[in-house]
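Chain naming here is simple, since letters A, B, ... match the order of the sequence lines and numbering starts at 1 in each.
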Protein chains: 2
Amino acid sequence: MPVTLKEVAERAGVSRSAVSRTFTDGASVSDKMRRKVEKAALELGYSPNALASSLTTGRTKLIGLVSNNFHNPIFLQVFDLFTRGLQDKGLRPLLVNLSDELEPGNSVRMLRQYSVDGVVVASSTLPPEFARAFRDAGVPVVHSFGRYSSSPEVHVVTIDNREAGRLAARTLVSRGYTDVAFLGGPETATSTQDRYAGFMSELALHPEIRSSYSFAEAYSFDAGRREMLRLLNLKPSEAYFCGDDVLSIGALSAIADRGLSCPGDIGIIGLNDMEMAGWENINLTTIHQPIEQIISSSIELMLALLENPDRYPEARIYSCPVVERGTLRPPPTA
Amino acid sequence: MPVTLKEVAERAGVSRSAVSRTFTDGASVSDKMRRKVEKAALELGYSPNALASSLTTGRTKLIGLVSNNFHNPIFLQVFDLFTRGLQDKGLRPLLVNLSDELEPGNSVRMLRQYSVDGVVVASSTLPPEFARAFRDAGVPVVHSFGRYSSSPEVHVVTIDNREAGRLAARTLVSRGYTDVAFLGGPETATSTQDRYAGFMSELALHPEIRSSYSFAEAYSFDAGRREMLRLLNLKPSEAYFCGDDVLSIGALSAIADRGLSCPGDIGIIGLNDMEMAGWENINLTTIHQPIEQIISSSIELMLALLENPDRYPEARIYSCPVVERGTLRPPPTA
DNA sequence: ATTCTCATTGCAACCGGTTGCAAAAATACA
DNA sequence: TGTATTTTTGCAACCGGTTGCAATGAGAAT
């Protein structure tokens, strides 16, 4: 049904190569030829078949975008930025929804069948081994929001989650809280593990401060809400570092339900600085994760990787400032 | 770099056709042959190139998923359900982020270049002409969440937005509100237009009721919040039908900020019944949009369409019940 | 054992393009 | 104007598979 190169060639009375070349930039075609071909192509409504050409060129311009977080609204923004960013560079995102799957095998196989030029793993929960499976299969890969490592095996663009955890702890300590807790996302998520580890390592420097921790089932509003409701039924801490803004906002909702106030009764610090965190009636103090930068850097890195697949693996770490709003009490006046 | 059919054939000492046939189901291969080939394939780590085969078979199993709403969290669920549903059927979603683009030309061209087998337009804002452009280009298309028409030109799976508007109006009237308003999404969105039209047409039956309307800039929390803040500075109505839950929740946040109560001072009814609407501290009365059903039906329809592209266009309409929660005052007791 | 079927296999052409190479055409240089 | 050089063009092979067709082989029927 669609028009092929051959038909255009026949109509223009030229060889197939000539047609191919007018649609390949950098190829040698005279102006006269180009005009003839373009005329015929226009009349026929021809546009080249990207997949057929990929057979010989070895490039599909397809990029696998694999993710497993379809509950955290932050990821809507992530998809928005990734799809737009890739499109702007002439690349096409082939979306893979991992959901509960943990083994990379299927995704690797599938994405190789479709000859993707590269893969972006956009997930803060998957371990580095996941992305490595793509590299091992010879597919250029960037892991965005992944676990930081000082000797990365695959390219990773992310924040230092341990440092974020330490920062949260330091912030709570500086406010004079003496009984604090970590309310994390799923325990299997690398980001949860790292934020937890950082948080606790900083608190270890302050033995006078009591600490505890627990984990929500997912990075979602509901999970945060449920977990905080559970904690409120026990003996809640003075302040919580929630592993993510959605957890924080869920927790705030639980606190409000119980008729408690924040920061009056309980302090909360989140992580991400999602749009909602800035709403006046939420006004969440949180640690900002520079999502735009991480994504644009990931795309840039992917482009470089497509140029040179053997590029030495690098970790790009972005820093995370605290955004002061209204869910922590002010520092004690000296 | 990846292993090809030819290499497998050589290793197994058979013809290329034989290898192809063992990987094509329905083809005629003896058990002995199959075993030989599978052994060789396994040893070499072969998996067939889906794009190469698409050249001859004419099917890529690629489905274009085009959307333009990357701000409404409901769409995260939409993407989740679509990608999972398509994957389960062996199809691969090629995501297209329309953003501000209104013309279908580019998307059509791009998706045809990638020889997608079909296209799902997932958008409540794009006009039917958008989807029609795909049909006109010979690409099977399903418009999910699109505008309902009694003589559809393309397949559409959706709700009757006009009826939803009428239902909202009837509900407000039944609660005894006498000064009501429509707070819609962007005025250019078909869903906004239809909900508005339905709302007003029902109110026309009650000339004693005062009505007004206005539009938020987008289907997003922030836009709803901003618009409600603006309205509160003027003379607000008794109750609002917000064109969407995110607008409602934004509006609720504005109302709370002003120290007003809902439903005490102002009533709100939303549309969608997103997860957050059920939170205790939001507890939004809203009109339920059956997203799961719409999406699974869309996928099912797409599969049928791939079987028979000339299937007669149909509109599948799902009904929308009111979900009673706590943001409207109860009906006046008789 | 012979003939007839029918399943299996390989050959070769094809899907829609790209590209190295050599011939042809255009341009530069003398 | 003739020759050297460069650009443009077409041929044909190739990318990684699929498939119609005819040849082969195995089993069934006689």
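- A donor-acceptor pair shorter than 3.5 Å cannot be found between the side chains of A/Asn161 and A/Ser191.
- The ring pair (Phe, Tyr, Trp, His ring centres under 6.0 Å) search around A/Phe79 returns A/Phe70, not counting sequence neighbours.
- Distances shorter than 4.0 Å separate some side-chain N or O of A/Ser20 from OP1 or OP2 on C/dT18.
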Where do N or O atoms of nucleotides 6-9 of chain D meet protein N or O atoms at under 3.5 Å, pair by pair?
{"residue": "D/dT8", "atom": "OP2", "partner": "A/Ser28", "partner atom": "OG", "Å": "3.1"}
{"residue": "D/dT8", "atom": "O3'", "partner": "A/Ser30", "partner atom": "OG", "Å": "3.4"}
{"residue": "D/dT9", "atom": "OP1", "partner": "A/Ser30", "partner atom": "OG", "Å": "2.7"}
{"residue": "D/dT9", "atom": "OP2", "partner": "A/Ser30", "partner atom": "N", "Å": "2.8"}
{"residue": "D/dT9", "atom": "OP2", "partner": "A/Ser30", "partner atom": "OG", "Å": "3.2"}

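- For A/Lys39, the salt bridge (charged side-chain N to carboxylate O under 4.0 Å, His left out) criterion is met by A/Glu43, not counting sequence neighbours.
- Here the P atom of nucleotide D/dC15 and the CG atom of A/Asn49 are 18 Å apart, to the nearest Å.
- Pairs of residues two or more places apart, or lying in two chains, never qualify as ring pair (Phe, Tyr, Trp, His ring centres under 6.0 Å) while including a residue from residues 80-114 of chain A.
- A donor-acceptor contact under 3.5 angstrom links the side-chain atoms of A/Ser17 to the base of D/dC11.
- The base of D/dG16 is not paired with the side chain of B/Arg16 by any donor and acceptor separated by under 3.5 Å.
- Listed pair A/Tyr46 / C/dG17 meets the phosphate criterion, a side-chain N or O lying under 4.0 Å from OP1 or OP2.
- Remark: A/Tyr46 pairs with A/Phe23 by the ring pair (Phe, Tyr, Trp, His ring centres under 6.0 Å) rule, at least two apart or across chains.
- Rounded to whole Å, atom P of D/dT19 lies 12 Å from atom CG of B/Leu55.
- Comparing the local axis fitted to the first five base pairs of the helix from C/dA1-D/dT30 to C/dA30-D/dT1 with the one fitted to its last five gives a bend of 30°, rounded to 10°.
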